[in-house]
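Below is one structure, written out as structure tokens; comments come after it.
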Amino acid sequence: MILPLRRAHGVLWLGLAIVLPAGLALALWSRPPAVLPTPAAPVGWNAMPGAGASVVPLDPSPFALSVEEDGSLRLLAIGEPDGVAPGLYLYAVGSEVAAGDALPDDAELLGSAEVGAAVRPPPSGSARLVLYSALYETVVGVGEMPAPGSRDR
């Protein structure tokens, strides 16, 4: 009574042992090729500063500011900004601040830091420009505001 059931069970297991690996190999062989990521752009400015603009690096972040002739600020990215989170804001401060610090109390918000977007600095003429990460709640870049009329690059 049990012998016919054992035979049927053995035949089914043998059939599955042959069919399932063959089916898996066929499925893997017939799938479309994987889409590889495009290579990164070469390192360099992804937005060029305007003619007559001063460039202010925001160390140690991979960003810089272009101070245009009309006084507006434009964020530039140097190469690939790896490790820098979205949600960056540009502030003007008068006190000492370094990367990794919290935002000081005297900080004035200039605007959201989007690459290529122009931001007008505050009329107070603060000495330092700060790039602040809202995600990490810390300063990620600091730069000195150039003196009015300076055109050094």
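Residues take their numbers from the sequence shown, with the count starting at 1.
- Leu24 belongs to a hydrophobic cluster with Leu28, counting contacts under 4.5 Å between side-chain heavy atoms of Ile, Leu, Val, Met, Phe, Trp and Tyr, direct or through other members.
- When atom types are taken as modelled, the side chain of Thr138 and the backbone of Asp101 share a donor-acceptor pair closer than 3.5 angstrom.
- Nearest heavy atom pair, residue Ser133 against residue Val140, reads CB-CG1, 3.8 Å.
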**OP:** Determine, stepwise, if the pair Leu103 / Val130 fulfils side chain to side chain contact (heavy atoms under 4.5 Å, CB included).
**Re:** CA-CA 9 Å; Leu103 198 61; Val130 170; 4.1 Å; yes

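- The two residues Pro104 and Val97 come nearest to each other via the heavy atoms CD-CG2, 4.1 Å.
- Rounding to the nearest 0.5 Å gives a distance of 9.5 Å between CZ of Arg128 and CG of Asp106.
- The two residues Val142 and Ala99 have their closest heavy-atom pair at CG2-N, 4.0 Å.
- Every residue two or more places apart in sequence or in another chain that forms a side chain to side chain contact (heavy atoms under 4.5 Å, CB included) with Leu109 is listed here: Tyr89, Tyr91.
- Residues passing the salt bridge (Lys or Arg N to Asp or Glu O under 4.0 Å) test with Glu137, sequence neighbours excluded: none.
- Taking all atoms of both residues into account, the shortest heavy-atom contact from Leu16 to Pro21 is O-CD, 3.7 Å.
- Within 6.0 Å of the CD1 atom in Ile2, the count of heavy atoms belonging to other residues, nucleotides or ligands does not exceed 12.
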